[in-house]
Peer 1: 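The structure is given below, and queries will be raised subsequently.
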Amino acid sequence: MFRVSPIEHLEGEISFPGDKSISHRMVILSSLAEGDSYAENFLISDDSLRTIEAFRKMGIEIREERNRLRITGRGLNGLKPPSEPLYMGGSGTSARLILGVLAGQKFRAVLSGDASLSRRPMRRVTLPLREMGAKIEGPADADFLPLTIEGSDLKPIEYKMPVASAQVKSAILLAGLYAWGETKVIEPMISRDHTERLLKLFGGEVKKDGLTNTISGRQRLKGIELCIPGDISSAANFIVLALLVKKSRLLIQRVGLNPTRTGILNVLKRMGARIEVVIKGGEDTEPYGDIEVRNSSLKGTLIEREEIPRLIDELPLLMVCGCFADGVTWIEGGGELRVKETDRINSMVTNLRRLGAEIEVEGDKVVIKGGSLLRGNRVSSFSDHRTAMSMLVIGSLIPGETILDEVNCINKSFPEFFSILTKIANR
Ligand code: S3P
């Protein structure tokens, strides 16, 4: 159990551990590249460690050296058959992206995960990968882990994705590296483009034409050096705190500002947030810069379906903001939240109601009426890191004591959460 009380004041300059999505992709692409790659500010968390472990089991040397990770790639065809199942823990990104890589290998591998990951849908990737020629077996016609996958010579496909998911897009692009010819992935909406950007950095080529991404197979990738920008999804917790705690000012340095990830900043600005963003570099690779946040009065807004992929992981925090905004906040098209580590519409709505919020759900639409009188109460993480952090944020904003059942799940993405909070918050 973890008890939270209100914060009186928040001030400071902080930076964040590396972006989770980029950290996973650095391990994957470095392993498939030729030669050494170096990742500075790599995120060490439960999820990213699952990706590291999986590639170590496939014969890749990955070492921590002087505050950076060195990954010695063995080329596209250099992976070795793992002698035991590749355990993905609770990491959906590891599982889905690694399936894309395994689809192109000449060996058979088994992918397993914890109870939560074993309930999350995998058919969204196994279906197109089967279409490319991979043999995949598993529960419910390969919709759930554990999965056995045996790669082959893949054939290129043109795939129109039914859901907006960067994980699905990335899995197909990675498999496309092994196909003979051009693979096309068409997204319904723009989602995070880290795989495409990094592939280019590694010397590969992905053509983008609107929502269509084209990759040709059998490209050679070369090792790179990258300083991974801070994780904007982790920073978002502190952005929201600084906005809503009186007299606060926070400077966040060297945080990722990839436009496919900054949807939360656009929405918050629309709500009246005093946020200043300065891009400092990385325009051709992964953009990063500084964000200055001052406490602000927020007003309700409409978050539209098209915006969702650019802020999917920040929706729990935006629901928290909605509770403090003047007027109503609508979130449309949040259905993908139901297949995260937990059903995040259910976890957030249940918790926020316990704290006194007025919040309604209609299918994949959430409507929050701001300005209710909130008070601390018992809430649950639902074993989900983002629900847990959102509860710690709101618990720091409202009178009374908020008691969260557990906080271990936060290690999935952001083990430094508490040390950063202690550094900048006065209770
Ligand atoms: C991620 C994509 C998103 C996101 C997840 C990380 C990625 O999932 O929620 O935390 O690194 O590609 P979907 O692609 O399923 O939307």
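As the structure lists them, so they are numbered: ligands from 1, and atoms in each ligand from 1. When a residue number appears, it is its place in the shown sequence, counting from 1.
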Peer 1: What protein heavy atom sits nearest atom 15 (O) of ligand 1, and how far away is it?
Peer 2: S165 OG, 3.3 Å
Peer 1: Is R74 paired with E61 through a side-chain N to carboxylate O contact shorter than 4.0 Å?
Peer 2: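 R74 and E61: not salt-bridged.
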Peer 1: Considering both backbone and side-chain atoms of R124, is one of its nitrogen or oxygen atoms within less than 3.5 Å of a nitrogen or oxygen in ligand 1?
Peer 2: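 It does not: no N or O of R124 is found under 3.5 Å from an N or O of ligand 1.
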Peer 1: Under 4.0 Å from a heavy atom of A166: which atoms of ligand 1 are those, numbered in the order shown and with their elements?
Peer 2: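 Listed by number with element, the hits are 12 (O), 14 (O).
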Peer 1: I'd like to check which ligand 1 atoms, numbered from 1 as shown, lie under 4.0 Å from a non-hydrogen atom of D313.
Peer 2: 4 (C), 5 (C), 9 (O), 10 (O)
Peer 1: Is any side-chain heavy atom of M26 closer than 4.5 Å to a side-chain heavy atom of I224?
Peer 2: yes
Peer 1: So F238 and F414, would you call those rings parallel, tilted or perpendicular, with 30° and 60° as cut-offs?
Peer 2: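 Judged by the thresholds at 30° and 60°, the geometry between F238 and F414 is perpendicular.
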Peer 1: Between H24, R25, H194, which one has a non-hydrogen atom sitting closest to atom 12 (O) of ligand 1?
Peer 2: R25
Peer 1: Using distance alone, decide if ligand 1 has a nitrogen or oxygen within less than 3.5 Å of any nitrogen or oxygen in R96.
Peer 2: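 No, R96 has no N/O under 3.5 Å of an N/O on ligand 1.
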Peer 1: Is any NZ, NE, NH1 or NH2 atom of the basic residue among R108 and E150 found under 4.0 Å from an Asp or Glu carboxylate oxygen of the other?
Peer 2: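 Looking at R108 and E150, the cut-off is met.
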Peer 1: With heavy-atom distances below 4.5 Å as the criterion, would you say the side chains of R338 and D343 are in contact?
Peer 2: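 Touching, per the 4.5 Å side-chain cut-off.
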Peer 1: Only heavy atoms of K340, strictly under 4.0 Å: list the atoms of ligand 1 that pass.
Peer 2: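 Answer for ligand 1: 3 (C), 4 (C), 8 (O), 9 (O), 13 (P), 15 (O), 16 (O).
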Peer 1: How close do V393 and L241 get, heavy atom to heavy atom, and via which atoms?
Peer 2: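 What the structure gives for the nearest pair is O-CD2, 3.8 Å.
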